[in-house]
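See below for the structure under consideration.
As a basis for the values below, the full set of heavy atoms in this structure was taken, side chains included, without hydrogen atoms, waters or symmetry mates.
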Amino acid sequence: MYHIRFQTRDNLMSNRNFPLDARMALICFLSLVMLMSILGNLLVMVAVCKDRQLRKIKTNYFIVSLAFADLLVSVLVMPFGAIELVHQHWIYGETFCLVRTSLDVLLTTASILHLCCIALDRYYAICCQPLVYRNKMTPMRVALMIGGCWVIPTFISFLPIMQGWNSIGIDHLIEQRRHSDGSNSTSCVFMVNKPYALTCSVVAFYIPLVLMVLAYQRIYVTARAHALQISMLQRAGGAAGTSGAGVDSADHQRNHRMRTETKAAKTLCIIMGCFCLCWAPFFVTNVVDPFIDYTVPDKLWAACLWLGYINSMLNPILYAFLNKSFRRAFLIILCCGRKRYRRPSILGSGAPCTATQINGSTHVLK
């Protein structure tokens with residue numbers, strides 16, 4: 001989401017003259033965020049394309065589409081925002097300002113909706129019966145959900161922004177800011193009225209947030225119940241001593257599945273926490289600002305905006321460090337395919353799983 005205001009000429013000159021070391025530090029930080037986001041999301045996409053095991057997992061289609069959205073944010077949105085943030089003026093014209101703003105809203109909203117779809121997919125996989133999951137997450141439904149993640153954001157990005165619906169009723173405020181210094185400023189301005197701020201924030205953040213919280217709450221309850229069952233089974237196994245090979249095998253598979261579900265819940269909770277930390281400040285500010293006469297400082301807007309961009313960098317990092325299957329695929333790619341990993345059987349005793357079965361479906365988060 002893009003929300004930068006016009007500034008007076010004096011403010012522009014003072015901002016351009018901030019210390020060189022501060023400017024260099026800012027450039028290094030922004031460049032690091034963009035580079036890590038581009039490389040990380042590219043790595044996720046290449047890993048799924050090259051690894052046959054990962055391609056068999058339905059959730060990974062959401063992850064690839066998410067990585068593509070985050071990659072576009074890194075390539076089409078962040079660089080222009082970084083240039084303006086460093087130089088404190090916009091040099092690409094009014095039309096491209098609208099296009100860039102529309103792309104910002106479109107791609108960041110698509111990224112958030114993908115995270116919501118991943119949460120719903122994990123809810124059906126962990127908390128429902130296998131038949132329910134297979135009926136809910138058919139290939140057609142997965143395709144429709146991914147399509148929705150890209151189509152829905154267009155109704156709050158290109159359509160209203162290019163038509164100027166976001167500025168209805170506040171045109172005089174925009175003109176006042178534009179000519180407050182007696183000349184035309186060169187900043188890319190994007191001010192929104194109250195209806196657009198509420199609609200955009202509800203669709204892009206608050207509805208997905210509620211769905212994700214409900215899904216993760218149910219996943220957490222299920223994981224806690226399974227963790228309790230694991231503890232009870234372990235105590236019962238220790239008291240009963242050794243048993244038949246068939247019972248041992250069944251108990252081992254059940255314990256392994258329950259442990260995997262518990263790890264999956266923790267992983268998704270970490271992703272959820274990062275999501276809220278990155279995007280909640282922006283969307284709270286986005287809703288509050290029109291009701292306090294647009295008095296939020298520009299520096300606070302920039303900080304909230306780039307905190308949201310950092311979420312596009314964090315997603316592939318979380319997958320790399322918290323998902324064994326992705327971690328293995330990343331290592332193979334980074335080692336140029338020289339290091340091969342034996343794919344152990346899911347039923348093998350004590351062997352790590354490359355793709356773990358949960359409720360009759362392959363679970364991606366371990």
Side-chain angles (χ1 to χ4, degrees), residues 1 41 44 57-70 73 105-128 132-133 136-137 141-142 144-153 156 198-226 261-287 304 307-319 321-323 326 358-359 361 363-366:
M1 307 297 176
N41 286 292
V44 170
I57 302 172
K58 293 180 181 178
T59 310
N60 287 346
Y61 291 102
F62 293 114
I63 294 176
V64 170
S65 189
L66 167 66
F68 183 62
D70 288 335
V73 171
V105 178
L106 171 68
L107 297 174
T108 53
T109 303
S111 177
I112 293 172
L113 293 181
H114 279 93
L115 293 177
C116 181
C117 288
I118 292 173
L120 294 177
D121 176 81
R122 293 303 84 208
Y123 164 76
Y124 286 119
I126 294 177
C127 301
C128 299
V132 174
Y133 178 77
K136 290 288 186 181
M137 289 299 168
R141 184 159 296 180
V142 170
L144 290 175
M145 291 174 68
I146 293 176
C149 290
W150 289 98
V151 173
I152 292 175
I156 61 172
L198 292 173
T199 302
C200 180
S201 299
V202 167
V203 173
F205 180 74
Y206 290 103
I207 291 179
L209 176 65
V210 170
L211 293 176
M212 292 168 69
V213 168
L214 293 176
Y216 291 149
Q217 188 270 339
R218 289 298 305 160
I219 291 174
Y220 178 77
V221 170
T222 302
R224 286 291 300 272
H226 289 168
E261 289 178 348
T262 303
K263 292 179 182 179
K266 292 178 181 179
T267 298
L268 290 174
C269 286
I270 293 174
I271 293 174
M272 177 67 183
C274 292
F275 165 72
C276 291
L277 178 65
C278 290
W279 279 118
F282 176 87
F283 283 101
V284 170
T285 307
N286 192 53
V287 171
C304 292
L307 189 60
Y309 289 160
I310 289 175
N311 188 242
S312 296
M313 178 192 71
L314 289 179
N315 287 331
I317 294 177
L318 292 172
Y319 297 138
F321 283 99
L322 300 178
N323 185 286
F326 270 100
I358 293 181
N359 287 351
S361 63
H363 203 299
V364 63
L365 293 170
K366 299 169 62 176

Mind checking ring-ring contact (aromatic ring centres under 6.0 Å, His included) for Phe68 and listing every partner two or more places apart, or none if nothing turns up? Trp150
Rounded distance (nearest 0.5 Å) linking atom OH of Tyr123 with atom CG of Asp121: 12.5 Å
Ignoring hydrogens, what is the shortest heavy-atom contact between Thr285 and Pro281? Give both atom names and the distance. OG1-O, 2.7 Å
Min side-chain heavy-atom separation Cys149-Ser65 under 4.5 Å: no
How long is the gap from CG on Leu277 to CG on Leu307, to the nearest 0.5 Å? 5.5 Å
Which residues pass the side chain to side chain contact (heavy atoms under 4.5 Å, CB included) test with Ile207, not counting sequence neighbours? Val202, Leu211
Do Phe326 and Pro316 touch side chain to side chain, with heavy atoms closer than 4.5 Å? no
Taking C-beta and beyond as the side chain, do Pro153 and Val105 meet within less than 4.5 Å on heavy atoms? no
Answer yes or no: is there a side-chain heavy-atom contact under 4.5 Å between Trp279 and Ile112? yes
Val284: side chain to side chain contact (heavy atoms under 4.5 Å, CB included) partners, not counting sequence neighbours: Tyr206, Val288
Please list, chain by chain and in numerical order, all residues satisfying side-chain hydrogen bond (donor to acceptor under 3.5 Å, both in side chains) with Ser201, sequence neighbours excluded. Asn286
Using every non-hydrogen atom in the two residues, find where His114 and Phe62 come nearest and quote the distance to one decimal. CD2-O, 3.7 Å
Say you draw a straight line from CG of Leu214 to CD1 of Ile219; how long is it, rounded to the nearest 0.5 Å? 11.0 Å
I'd like to check the ring-ring contact (aromatic ring centres under 6.0 Å, His included) partners of Phe205; sequence neighbours left out, ordered by chain and number. Phe275, Phe283
So do the side chains of Leu106 and Ile156 get within less than 4.5 Å of each other, counting heavy atoms only? no
What is the distance from atom CE of Met313 to atom SG of Cys274, rounded to the nearest 0.5 Å? 9.5 Å
Under the rule for side chain to side chain contact (heavy atoms under 4.5 Å, CB included), what residues qualify as partners of Leu198, not counting sequence neighbours? Val287, Phe291
Is there a donor-acceptor pair closer than 3.5 Å between any side-chain N or O of Lys58 and the backbone N or O of Met137? yes
Which atom pair, heavy atoms only, marks the closest approach of Met212 to Cys116? CG-CA, 3.7 Å
Can you tell me how far apart CG (Leu209) and CG (Leu115) are? Round to the nearest 0.5 Å. 11.5 Å
Can you tell me how far CE of Met145 sits from NZ of Lys136, rounded to the nearest 0.5 angstrom? 10.5 Å
Identify, with sequence neighbours excluded, every residue that meets side chain to side chain contact (heavy atoms under 4.5 Å, CB included) alongside Ile152. Leu113, Val203
Can you name the side-chain hydrogen bond (donor to acceptor under 3.5 Å, both in side chains) partners of Asp70, sequence neighbours left out? Ser111, Ser312, Asn315
